[in-house]
Structures are given as structure tokens and as C-alpha cells.
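What follows is a short report on a single structure.
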Amino acid sequence: MNGTVELIIDGKPITLPTFVGTEGEVGIDIATLRSKTGAITLDPGYGNTGACKSAITFIDGEKGILQYRGYDIAELAQKSTFIETAYLLIYGELPTAAQLAEFSGLLTDNEMLHEGMRHHFEGFPPSAHPMAILSSMINAASSYHPNLIHAREEHFPCHAARLISQVRTIAAFSYRKAHGLPSIYPKTTLKYTENFLHMMFSYPGEDCELKPEIVKALDLIFLLHADHEQNCSTSTVRMVASSRANLFASASAGVCALWGPLHGGANQAVLEMLEEIHREGDDGTKFLNEVKNKTGNRRLMGFGHRVYKNFDPRAVIIKEQCDKVLAQLHKSDPLLDIAKKLEEIALHDEYFVSRRLYPNVDFYSGIIMRAIGIPVDMFTVLFAIGRMPGWVANFKEVMDDRDSRISRPRQIYTGATLRTYKPLAERA
Ligand code: ACO
């Protein structure tokens with residue numbers, strides 16, 4: 001039930017409305033705080049700040065709950081596909097067969113990049129990180145669709161499908177470019193995830209084998225990453241969208257935010273950490289001591305989460321999938337053994353227990369991706385492909401909200417107070 005709350009500021013009481021979400025979360029609506037009191041709130045890192053109302057994804061970090069549009073992530077992981085889930089996130093309901101066919105058709109119709117885009121790929125040095133290529137190329141793609149800039153509502157389904165479809169083509173092309181391999185064009189007969197694997201691993205005249213267990217594992221990784229409410233990259237997308245920048249520009253900014261090792265870049269960082277531990281012949285104990293002593297400013301990558309303080313439900317599903325994929329592919333991986341050892345120690349260690357640090361989605365996803373032949377520097381790119389429907393859904397929510405205003409946080413200024421300019425000759 002919506003109500004009010006009374007705050008005392010500088011001895012004066014003020015009444016503010018509260019807003020209660022459908023899952024019972026209470027927010028104090030401070031929209032009039034500054035005009036009533038002159039004060040603002042200060043919340044670095046936004047741990048206590050709701051930046052929007054959203055009907056897309058619900059997380060209860062204490063209980064380890066994640067739901068897309070009211071559906072539990074474990075149920076979707078078991079019964080749905082990435083593309084069906086993408087539709088659910090963007091349009092709010094599971095699609096009918098006809099809606100799904102139409103959505104899939106739009107994805108196929110828009111999977112090819114404009115030929116002109118090939119020249120842009122040539123401009124990157126071989127050492128370019130695929131995330132740099134991805135964010136630049138998503139923005140570049142917007143130049144080929146001028147009606148994006150002043151997009152009308154009826155254009156949205158086409159632009160959304162184009163972005164979701166082309167991000168996969170761009171990702172595969174950037175991998176091929178980085179490895180000096182010829183680009184492979186998408187095939188209209190293949191489904192979304194199969195097509196990505198085809199563009200990554202086929203050769204002209206020689207299609208790669210699409211093993212169902214690999215397709216399933218990758219589709220699941222995409223699905224588990226598809227949205228995660230107001231994380232750093234999604235908030236970036238919403239902030240850029242709030243200025244009424246176009247969908248591609250907003251998504252390109254999201255890719256940049258995702259790249260950092262404290263966010264989506266953690267999947268690459270986890271693998272690099274495991275490789276380093278393995279190289280040094282450590283079983284994880286020495287590394288964990290370094291983390292706990294905070295000597296080398298190191299963190300156990302893939303552990304901890306701003307919201308999950310119990311467990312990350314995605315990590316549980318991914319860990320199970322990881323064991324399954326390695327068994328199906330008849331592979332063993334010493335890095336998986338190290339990861340399991342690290343997890344076992346950390347889950348019983350006072351340092352991690354007292355800080356409520358548990359494995360997050362990135363802890364095991366890299367091992368699956370490595371097992372299916374994805375190079376480490378592509379891990380975060382795959383996260384971006386998975387997250388695209390969530391960004392599109394959040395972009396749509398901003399655009400559809402008639403009350404939405406440009407995002408413009410305030411600050412508490414801590415710099416010098418007013419002083420007069422000294423000519424150069426008078427400065428010490
Ligand atoms: N390893 C060791 N210590 C950690 C870790 C970690 N992975 N994560 C947090 N801590 C410690 C901090 O040092 C701090 O300790 P202190 O109280 O002694 O100072 C305490 O736990 C709280 O940490 P914060 O940084 O305040 O937590 P915050 O909520 O801001 O950060 C984050 C969350 C960024 C995910 C953090 O846990 C982290 O860096 N994890 C490793 C990177 C990672 O896996 N990121 C992926 C997150 S999931 C995603 O984005 C898809």
C-alpha cells in the first residue's frame with residue numbers, strides 16, 4: 001500500500017510519499033525533497049537509490065530470487081529459449097506461436113550487416129579488444145539506418161530485432177577479424193544461437209558441426225544473462241536513452257559500461273585468474289590468502305555481488321550446466337578443479353562468509369565458454385549478446401514512460417570555494 005513517511009531535516013518535519021512495488025519493496029519518493037528542504041540525498045554507488053520504476057525484472061538478493069516478467073529464472077532456464085525469453089523481456093508476455101514466428105522472422109530478416117560496415121572492421125588494429133569493436137560497430141550500424149534517429153513507435157520492433165540480430169553478427173565478425181579469418185555470413189536456415197556458432201567457427205565451404213549440447217549450453221548462457229534490473233550497464237543504457245539518444249547509441253554505451261572487470265568483464269577476469277593460479281602451481285590457497293590480506297589489491301573474481309547476499313541463482317544453474325557440458329564433451333579442465341576448490345574454501349572462510357560473498361554468474365560461465373572453444377577475450381562480448389534484450393526492454397520502458405525526464409543526478413560539491421584568478425607571473 002502506498003503511504004507516507006515523515007522525516008526530520010534540520011529540526012523541521014517533512015512528509016514524503018512512499019511507493020510500494022508489486023513484490024513489497026518500499027521506496028521513499030524524494031522527488032520534492034530538494035524543493036521542500038534544500039537538501040539532496042547522497043548515495044555513492046546508488047546502493048540505496050531506486051532510479052526508476054520498472055516492470056521487467058525482479059531480484060530479491062537476500063533470498064536469491066531472480067524473475068523476468070514474473071517468471072522464475074530456473075523455470076525459464078529449463079523450459080524456454082533465449083529468443084522466446086528475449087520476446088518476454090521486451091514485450092512483457094510470453095509470445096504465442098505466431099508472435100514468436102514473427103519475431104524470429106524479423107531477426108532473420110535483419111541479421112545481415114550493411115556491406116559498407118565491412119570497411120569499418122578494417123580500421124581496427126589486430127590487437128583491438130572485441131568489446132571496443134562491438135561498441136564502436138553498434139554505433140556505426142546506427143549510421144546505416146537514419147530513421148533510427150527520429151524513430152517512431154511503429155519502427156521499434158524492427159529496430160529492436162535488428163540490434164539483437166546484428167550484435168551477434170558483429171561479434172562473430174570481430175572475432176574472425178581479430179584472428180585473421182575470413183568473415184562467415186549468417187545463414188537464414190539457422191536459429192539464433194546456431195547461427196552465432198556457425199559465424200564463429202565455420203569456414204568458407206566447410207560448415208562447423210553444431211553439436212546440440214553446445215548450442216543448448218550457449219543458448220542457456222545467453223538466457224541467464226538476458227536481464228538483471230538496474231546494474232551498471234543497464235543503468236547506463238537508461239541514462240543515455242533518457243536524453244532521447246537512439247536505441248543503437250544507448251546500447252553501444254551499455255557495451256562500454258559492461259566491459260569493466262567489476263561488471264561483465266569479470267568473466268574474462270575469472271578465467272585469467274584461474275589460469276594464473278594454475279600456472280603458478282597453486283591450488284588456490286596462496287591466492288586466497290593474498291585476497292584476504294589485501295596485499296596485492298586483488299579480489300576473488302566471480303565472487304560477490306551488490307545485490308545477491310545469499311546466492312546468485314544464475315551461478316547455481318551455470319555450475320550444474322558446466323559439469324554437464326564437460327561430461328558431454330568428454331572434457332576435463334584443471335581450471336574447473338581450481339574453481340571448485342576456490343569456491344569450497346571461500347564458502348567456509350570467515351572473510352567471505354562475513355562479507356556475504358558468494359559465486360556470481362561469472363564464476364563458472366567462462367569455463368563453459370572455454371570448453372566450447374570461445375576465446376577468453378570474447379567472453380564479455382557473449383555477455384553483451386545475452387544482455388541485449390534486457391537493454392532493449394529497458395530502453396523501451398524509458399521511451400514508453402510519458403513522465404520520464406532526462407537523468408541528471410546532483411552532487412555535493414567538495415572543491416575550492418570562490419577565489420580570484422591570479423595572473424601567471426604572480427603564481428608561485
Ligand atoms: N573478493 C574479495 N573481497 C571482496 C570481493 C571479492 N570478489 N568482493 C567484495 N569484497 C570485499 C571488499 O573488499 C569489501 O571488503 P571490506 O569491507 O573489508 O572493505 C567488502 O567485500 C564489500 O565490497 P564492496 O566493493 O563494497 O562491494 P560492492 O557491492 O561495491 O561490489 C562487486 C560488488 C563489484 C561485484 C564486488 O563484489 C567485486 O568486485 N567482485 C569481483 C568482480 C566480479 O565478480 N564482478 C561481477 C559481478 S556480477 C556482474 O556484474 C555480472
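Just follow the structure's listing: the first ligand is 1, and inside any ligand the first atom is 1.
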Legend entry - Taking atom 8 (N) of ligand 1 as the reference point, the nearest protein heavy atom with its distance: Leu357 CD2, 3.6 Å

Inset, instruction - Return the residue, atom name and 0.1 Å-rounded distance of the protein heavy atom closest to atom 48 (S) of ligand 1. - result: His305 CD2, 3.6 Å

Inset, instruction - Answer yes or no on whether Lys396 is positioned over the face of Phe156, meaning its NZ or CZ is under 6.0 Å from the six-membered ring centre and within 45° of the axis. - result: yes

Legend entry - Protein contact to atom 28 (P) of ligand 1 [nearest heavy atom, distance to 0.1 Å]: Arg306 NE, 3.7 Å

Legend entry - Salt bridge present between Glu343 and Lys319 (N-O < 4.0 angstrom): yes

Inset, instruction - Please determine if Arg355 forms a cation-pi arrangement with Tyr351, meaning its NZ or CZ atom is less than 6.0 Å from the six-membered ring centre and no more than 45° off the ring axis. - result: yes

Inset, instruction - For atom 27 (O) of ligand 1, grab the closest protein heavy atom and report residue, atom and distance to one decimal in Å. - result: Arg299 NH1, 4.8 Å

Inset, instruction - Could you check atom 45 (N) of ligand 1 against the protein and tell me its nearest heavy-atom contact, residue, atom and distance included? - result: Leu262 O, 3.1 Å

Legend entry - Ring centroid separation Phe303 to Phe363 under 6.0 Å: yes

Inset, instruction - Could you tell me which atoms of ligand 1, counted from 1 in the order shown, lie closer than 4.0 angstrom to a heavy atom of Ala266? - result: 43 (C), 44 (O), 45 (N), 46 (C)

Inset, instruction - Would you kindly say whether Ser233 and Asn231 are connected by a side-chain donor-acceptor distance under 3.5 Å? - result: yes

Inset, instruction - Find the distance between SG (Cys158) and CG (Asn110) and round it off to the nearest 0.5 Å. - result: 4.5 Å

Legend entry - Pairwise side-chain contact, Val381 with Val167, heavy-atom cut-off 4.5 Å (strictly under): no

Inset, instruction - Can you establish whether the number of heavy atoms outside Glu102 located under 6.0 Å from its atom CD is more than 12? - result: no

Inset, instruction - Would you tell me whether Thr49 and Asp43 have side-chain atoms, one donor and one acceptor, within less than 3.5 Å of each other? - result: yes

Inset, instruction - Could you list the atoms of ligand 1 found under 4.0 angstrom from a heavy atom of His263? - result: 46 (C), 49 (C), 50 (O)

Inset, instruction - Using distance alone, decide if ligand 1 has a nitrogen or oxygen within less than 3.5 Å of any nitrogen or oxygen in Val361. - result: no

Inset, instruction - May I ask whether Gly45 places a heavy atom under 4.0 Å from ligand 1? - result: no

Inset, instruction - For atom 17 (O) of ligand 1, grab the closest protein heavy atom and report residue, atom and distance to one decimal in Å. - result: Arg355 NE, 3.7 Å

Inset, instruction - Would you kindly check if the NZ (Lys) or CZ (Arg) of Lys53 is within the cone defined by 45 degrees around the ring axis of Phe19 and under 6.0 Å from the six-membered ring centre? - result: yes

Inset, instruction - Can you pull out the closest protein heavy atom to atom 40 (N) of ligand 1? Residue, atom name and distance to 0.1 Å, please. - result: Phe303 O, 2.9 Å

Legend entry - Heteroatom distance test (Val291, ligand 1): nitrogen or oxygen, under 3.5 angstrom: no

Inset, instruction - May I have the step-by-step check of side-chain hydrogen bond (donor to acceptor under 3.5 Å, both in side chains) for Ser165 and Arg168, ending in yes or no? - result: CA-CA 6 Å; Ser165 193; Arg168 168 196 55 170; 2.9 Å; yes

Legend entry - Per-atom contacts of ligand 1 with Leu300, taking only distances under 4.0 Å to non-hydrogen atoms: 1 (N), 2 (C), 6 (C), 7 (N)

Inset, instruction - Find all atoms of ligand 1 within a distance of less than 4.0 Å from any non-hydrogen atom belonging to Gly302, and give their numbers and elements. - result: 43 (C), 44 (O)

Inset, instruction - Check ligand 1 against Asp362 and write out every atom of the ligand that is under 4.0 Å from a heavy-atom position of the residue. - result: 46 (C), 48 (S), 49 (C), 51 (C)

Legend entry - Min heavy-atom dist Phe383 to ligand 1 below 4.0 Å: yes

Inset, instruction - Run the contact test for Lys294 against ligand 1 with a 4.0 Å cut-off on heavy atoms, strictly below, and give the result. - result: yes

Legend entry - Pair His120 and His114, ring centroids less than 6.0 Å apart: no

Legend entry - atom 3 (N) of ligand 1 [closest protein heavy-atom partner, distance rounded to 0.1 Å]: Tyr351 OH, 2.8 Å

Inset, instruction - Could you tell me whether some N/O pair between Asn360 and ligand 1 is separated by less than 3.5 angstrom? - result: yes

